[in-house]
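Structure first, then comments.
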Amino acid sequence: MKPHVFALVDCNNFYVSCERVFFAEIRQHPVIVLSNNDSCVVARSNEAKALGIAMGMPLFKCQRVVKQHHVAVFSSNYALYQDMSDRIMAVLSRFTSALEIYSIDEAWLDLSHVPAAQCEIYGQEIRRCVLQETGIPISVGIASTKVLSKIACELVKRHSIFQGVLNLFAWSEEEVDAWLTGIAVEDVWGIGKQLATKLRPAGIVSAHTLKQSNHVWIRHYLNVAAQRATLELQGISCLPLETRKKPRQGIMVSRTFGRIIEDLHELEEAIATYAVSAVEKVRRQRSLARQVSIFIHTNPFDRRVPQYARSTTATLPVASAFTPDILDLAIALLHTIYAPGYHYKKAGIFLSEFQTQEMLQTDLFGIFSLERYMIQERLMHVVDEVNGTWGRHTLCFGTQGMKRSWSIRQMRRSQRYTTRWNEILTVS
DNA sequence: CGGCGTTAG
DNA sequence: TATTCTAACGCCG
């Protein structure tokens with residue numbers, strides 16, 4: 001059997017790179033992108049990393065450095081990033097018959113059809129095309145397992161000598177092991193902080209020492225995830241390419257508010273808004289949800305105010321993707337956990353116990369009106385179409401409110417250059 | 001089976 | 001003034 005050839009494509013500092021595509025002036029400057037409410041740093045350019053700005057750091061903790069070094073700061077613009085991601089994935093799909101889109105900025109390609117000696121050139125060609133067609137720089141790691149291709153990609157980012165592509169097939173085992181010695185064990189994909197803490201007393205500190213250890217012992221001492229990582233380091237592929245996109249098992253929509261909410265009515269607006277969005281996602285993957293959970297809580301970081309956090313769950317008699325069904329239940333649930341007098345800071349909804357639309361139809365004969373179900377489905381389809389074409393808030397439910405003054409604050413969001421005609425880039 | 005912890009991006 | 005959001009999986013009781 002031919003060995004697998006995995007190529008991991010990882011976009012460099014993805015959100016920052018997206019902003020730089022449309023803003024040439026900041027291409028050599030330190031740049032960061034912030035999370036919702038402009039609170040935490042979620043993406044950094046290399047220059048920003050060099051200034052010591054850490055991932056996940058609250059903005060207020062690095063405000064001094066940001067001012068002093070004129071760091072360009074952006075709110076996150078997910079419409080832009082998702083659209084750029086779609087374009088990149090479309091380019092990648094031309095280079096392989098099996099593409100696994102792993103995240104918004106990462107994908108694996110099966111390169112088994114490419115001779116090992118050609119893989120580096122092939123990777124360079126992928127890189128050139130993505131850069132030319134989208135403006136986004138990428139790193140490519142090529143190896144016989146997913147974990148090794150992750151490490152190859154990491155080495156590419158650490159060492160500019162690789163010029164964006166590293167093919168581990170081109171190296172001897174001794175040479176690969178030498179590189180693995182320089183990778184800390186917690187930087188191996190699947191080994192996080194906690195597992196690394198348990199491995200270190202056993203003398204396992206690097207990717208190389210993990211590779212040298214006995215995978216059965218690792219399995220018992222830690223867990224199956226660490227065992228798989230060990231085997232993959234040894235070149236034994238345990239993590240296959242997963243090209244078939246599986247529907248989500250649960251869908252969560254939650255937000256920290258732009259300000260404190262005390263009023264039940266405003267909490268209703270928030271829960272309603274998140275519920276509408278969650279059911280849209282359920283419909284997009286052609287599922288129906290049976291279980292609805294909601295939660296609300298105060299700001300756990302604020303020691304000065306009394307804390308309150310509750311969640312609750314209910315199950316629909318029949319799974320549904322009809323927004324009013326979920327919305328009514330969510331609001332009823334909210335009434336059961338709301339307590340007046342608290343400063344609420346965050347709320348969310350979690351939908352689960354999915355069924356496919358196809359399965360439900362066969363289960364349903366005789367249980368309830370199929371006719372009514374089909375009318376509801378068509379109504380939701382129209383709503384989705386209108387909102388898809390004219391913007392997310394074109395057709396809303398009354399409970400969502402009109403002002404939504406509690407919603408997230410974004411002071412520095414760039415234009416949605418690629419998805420809104422009225423925000424398209426103009427050249428003068 | 002539900003709750004919790006860990007990992008990841 | 002101020003601390004993201006989402007998802008999967010495995011372990012444990």
Side-chain angles (χ1 to χ4, degrees), chain A residues 8-16 32-44 54-64 66 73-78 81-82 85 100-108 146-147 150 153-154 185-199 218-229 238-239 242 245-260 274 277-278 281-282 285 291 293 295 297-305 311 313 315 343 345-354 407-411:
Chain A
L8 176 67
V9 167
D10 194 337
C11 300
N12 300 346
N13 311 328
F14 181 55
Y15 296 174
V16 164
I32 60 176
V33 177
L34 304 175
S35 63
N36 281 342
N37 288 316
D38 294 341
S39 41
C40 292
V41 177
V42 292
R44 304 158 296 156
M55 185 59 128
M57 187 182 262
L59 179 60
F60 71 88
K61 285 194 178 171
C62 52
Q63 199 65 272
R64 279 259 302 276
V66 166
V73 180
F74 290 85
S75 305
S76 41
N77 185 345
Y78 289 108
Y81 310 150
Q82 188 59 62
S85 176
E100 177 182 343
I101 299 172
Y102 179 69
S103 71
I104 196 168
D105 74 334
E106 271 180 86
W108 268 288
K146 281 185 165 178
V147 165
K150 272 268 183 190
C153 210
E154 179 64 28
V185 71
E186 62 264 37
D187 293 337
V188 175
W189 192 45
I191 308 293
K193 260 180 76 159
Q194 305 303 316
L195 294 181
T197 305
K198 295 181 80 172
L199 285 168
I218 294 285
R219 169 72 180 89
H220 289 112
Y221 184 57
L222 297 174
N223 57 35
V224 67
Q227 180 186 35
R228 292 196 184 113
C238 319
L239 305 168
E242 301 194 14
K245 53 178 184 293
K246 299 182 205 139
R248 302 271 85 96
Q249 294 172 26
I251 287 175
M252 162 92 90
V253 175
S254 71
R255 292 287 181 279
T256 305
F257 307 135
R259 60 165 167 78
I260 296 296
Y274 306 156
S277 161
K281 294 183 186 190
V282 170
Q285 67 166 26
Q291 194 164 72
S293 306
F295 70 85
H297 66 72
T298 49
N299 182 359
F301 295 100
D302 190 346
R303 298 292 165 76
R304 299 163 306 180
V305 299
S311 69
T313 301
T315 303
H343 290 182
K345 188 60 178 169
K346 184 170 178 174
I349 183 167
F350 181 69
L351 303 181
S352 58
E353 290 193 2
F354 296 146
S407 70
I408 58 171
R409 290 165 318 204
Q410 291 197 135
M411 303 301 288

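Numbers restart at 1 for each chain; the letters A, B, ... are given by sequence-line order, proteins then strands. As the structure is a prediction and not an experimental result, all values here were calculated from the model.
One finds the CD1 atom of A:Ile218 at 9.0 Å from the CD atom of A:Gln227 (value rounded to the nearest 0.5 Å). We find the CD-NZ distance between A:Glu186 and A:Lys193 to be 9.5 Å, quoted to the nearest 0.5 Å. Atom OG in A:Ser352 sits 10.0 Å away from atom CD1 in A:Ile251 (nearest 0.5 Å). Here A:Asn13 contributes atom CG and A:Ile32 contributes atom CD1; the two are 12.5 Å apart, rounded to the nearest 0.5 Å.
Atom OH in A:Tyr15 sits roughly 15 Å away from atom P in C:dT4 (whole-Å rounding). The NZ atom of A:Lys345 sits 8 Å away from the P atom of C:dA2 (whole-angstrom rounding). In this structure, A:Asp38 places its CG atom 13 Å from C1' of C:dT1, rounding to the nearest Å. As a whole-Å value, the separation of A:Tyr274 OH from C:dT4 P is 13 Å. For A:Leu59 and C:dT1, the CG to P distance is 14 Å, given to the nearest whole Å. Atom CE in A:Met252 sits about 13 Å away from atom C1' in C:dA8, given to the nearest Å. Straight-line distance from the CD atom of A:Gln194 to the C1' atom of C:dC12: 17 Å, rounded to whole Å. Atom C1' of nucleotide C:dT4 and atom CG of A:Asn77 are separated by 16 Å, given to the nearest angstrom.
Of all nucleotides listed (C:dA7, C:dT3, C:dT4), C:dT4 comes nearest to the side chain of A:Asn36. Taking the side chain of A:Arg304 as heavy atoms from C-beta on, and the options C:dA8, C:dA2, C:dT6, the nearest nucleotide is C:dA2. Listed nucleotides C:dC5, C:dT3, C:dA8 differ in distance to A:Lys346; the shortest reach to its side chain belongs to C:dC5. Relative to the side chain of A:Val42, the nucleotides C:dC11, C:dT4, C:dT3 differ in distance, and C:dT4 lies closest. Taking the side chain of A:Asn223 as heavy atoms from C-beta on, and the options C:dT3, C:dC11, C:dC9, the nearest nucleotide is C:dC11.
A sub-4.0 Å separation between OP1 or OP2 of C:dT6 and a side-chain N or O of A:Ser254 is present. Proximity of A:Gln63 to the phosphate of C:dT1: no side-chain N or O atom is located under 4.0 Å from OP1 or OP2. At least one side-chain nitrogen or oxygen of A:Thr256 sits closer than 4.0 Å to the OP1 or OP2 atom of C:dC5. Between A:Arg228 and the phosphate of C:dG10, there is a side-chain N or O to OP1/OP2 separation shorter than 4.0 Å. An OP1 or OP2 oxygen of C:dT3 is reached within less than 4.0 angstrom by no side-chain nitrogen or oxygen of A:Arg303. Put simply, A:Arg255 has no side-chain N or O that comes within less than 4.0 Å of OP1 or OP2 on C:dT4.
Relative ring orientation between A:Tyr78 and A:Tyr15 is described as perpendicular, the plane-to-plane angle rising above 60° on a 0-90° scale split at 30° and 60°. Between A:Phe257 and A:Tyr274, the ring planes are parallel. Angles under 30° get that label, and only those over 60° would be called perpendicular.
A:Ile191 comes within contact range of the sugar-phosphate backbone alone, with a heavy-atom separation under 4.0 Å but no base atom that close. Nucleic acid contact for A:Lys246: none, since no nucleic acid atom lies under 4.0 Å from a heavy atom of the residue. Residue contacts shown for A:Leu34 are absent, as no nucleic acid heavy atom lies under 4.0 Å away. No contact: A:Lys198 has no heavy atom under 4.0 Å from any strand. Across all strands shown, A:Asp105 has heavy atoms under 4.0 Å from sugar-phosphate atoms exclusively, and none from any base. When heavy atoms are screened at a 4.0 angstrom cut-off, A:Gly56 is found touching no nucleic acid atom at all. Counting non-hydrogen atoms under 4.0 angstrom, A:Ile251 reaches the backbone sugars and phosphates but no base. Within 4.0 Å of A:Val41, counting heavy atoms only, lies no atom of the nucleic acid at all.
Classification of A:Lys150 and A:Glu106 as a salt-bridged pair holds, one side-chain N sitting under 4.0 Å from a carboxylate O.
By the 4.5 Å heavy-atom criterion applied to side chains, A:Cys62 and A:Val41 are counted as neighbours. The side-chain heavy atoms of A:Asn299 and A:His343, taken from C-beta on, include no pair separated by under 4.5 Å.
With a cutoff of under 4.0 Å to any heavy atom of chain A, the contacted region of DNA chain B is bounded 5' to 3' by B:dT6 to B:dG9.
Taking the nucleotide of DNA chain C with the nearest heavy atom to each of A:Arg219 and A:Met55, the more 5' of the two is matched to A:Met55. Toward the 5' end of DNA chain C, the nearer of the two residues A:Asn299 and A:Ala225, judged by each one's closest nucleotide, is A:Asn299.
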